[in-house]
Amino acid sequence: MFKYILAWFPMLLIAIGNGILREALFKKYMENLPAHQLSTITLLIFFAFYIWFIVERYPPTSSSQAILVGLVWLVLTLCFEFGFGRYRGNSWETLLEDYNLLKGRLWILIPVWVVTAPYVFYKIKDAKL
């Protein structure tokens, strides 16, 4: 499991790079909400490629392990997101705002994808064997 915990850390760099892309490019051509929506979609795609690579390189030994990897990554992601957000002085209301689908915020898709992608890619890989 330790290798999967280590494999989570590059996702931070991917997310930071995606945020830079949003700030430097998307926000030049669109308003804040569409820029965040597009940024969420690009991050889902970037994570898909990365998680697929990890599952190929370090295949889980079972469906249960793939689910466990997703759960560990989810906990790490949420701890980082809310811990770092609170450290930066953001209120809980501000932090939870990105999860409000009724206001067009799509960020909830990121933790959903992080928790499910290892299992999805494990099953795809398993089906090919």
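These numbers come from a predicted model, not from an experiment.
Looking at Lys27 and His36, their side chains come closer than 4.5 Å, going by heavy atoms from C-beta outward. Contact check for Val72 versus Trp8: no side-chain heavy atoms found under the 4.5 Å cut-off. With contacts defined as side-chain heavy-atom distances shorter than 4.5 Å, the pair Glu81/Trp107 qualifies.
A continuous path of hydrophobic side-chain contacts links Val69 to Ile5 [ILVMFWY only; heavy atoms under 4.5 Å]. Note: the hydrophobic cluster containing Phe9 also contains Phe47 (ILVMFWY, side chain heavy atoms under 4.5 Å, direct or indirect links). When the side chains of ILVMFWY residues are joined at heavy-atom separations under 4.5 Å, either directly or via intervening members, Leu33 and Ile41 end up in two distinct hydrophobic clusters. Ile20 and Ile110 fall into different hydrophobic clusters, defined by Ile, Leu, Val, Met, Phe, Trp and Tyr side-chain heavy atoms under 4.5 Å apart, directly or through other members. A continuous path of hydrophobic side-chain contacts links Val114 to Met1 [ILVMFWY only; heavy atoms under 4.5 Å].
The aromatic rings of Phe53 and Tyr50 lie tilted to each other, with the angle between the two planes from 30° to 60°. Aromatic ring orientation, Phe82 versus Tyr99: parallel (interplanar angle below 30°, classes split at 30° and 60°).
Between Ser91 and Arg86, the shortest heavy-atom distance links the atoms CA-NH1, 3.5 Å. When all heavy atoms of Gly85 and Leu95 are compared, the pair lying nearest together is CA-CD2, 3.7 Å. Across every non-hydrogen atom of Pro118 and Ala66, the tightest pair is CB-O, 3.5 Å.
Summarising the geometry, atom CG belonging to Leu6 is positioned 10.0 Å from atom CD1 belonging to Ile54; distances are rounded to the nearest 0.5 Å. Note that CG of Asn32 and CZ of Arg22 are 8.0 Å apart. Values are rounded to the nearest 0.5 Å. Rounding to the nearest 0.5 Å gives a distance of 7.5 Å between CG of Leu12 and OG1 of Thr77. One distance of note links CG of Leu109 with CG of Leu43; it measures 10.5 Å at 0.5 Å rounding. A distance of 11.0 Å separates CG of Leu106 from CG of Asn100, quoted to the nearest 0.5 Å.
Heavy atoms from other residues, nucleotides or ligands lying under 6.0 Å from CD of Glu56 number more than 12. Open room surrounds OH on Tyr119; 12 or fewer heavy atoms of other groups in view lie less than 6.0 Å from it.
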For this session: Check step by step if side chain to side chain contact (heavy atoms under 4.5 Å, CB included) holds for Ile51 and Val55.
Result: CA-CA 6 Å; Ile51 294 168; Val55 169; 4.3 Å; yes

Problem set entry | From CA spacing to verdict: side chain to side chain contact (heavy atoms under 4.5 Å, CB included), Phe46, Met11 | CA-CA 9 Å; Phe46 294 151; Met11 289 197 282; over 6 Å; no

Problem set entry | Leu76 and Phe80: CA distance, side-chain angles, deciding distance, side chain to side chain contact (heavy atoms under 4.5 Å, CB included) verdict | CA-CA 6 Å; Leu76 290 170; Phe80 177 81; over 6 Å; no

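For the pair Tyr4 (side chain) and Trp73 (backbone), a donor-acceptor distance under 3.5 Å is absent. Tyr122 contributes no side-chain N or O that, together with a main-chain N or O of Gln65, makes up a donor-acceptor pair within less than 3.5 Å.
Aromatic rings from Phe121 and Trp113 are positioned such that their centres are separated by under 6.0 Å.
Of the residues listed (Leu21, Asn18, Leu25, Leu44), the one engaging Ser39 in a side chain to side chain contact (heavy atoms under 4.5 Å, CB included) is Asn18, and it is the only one.
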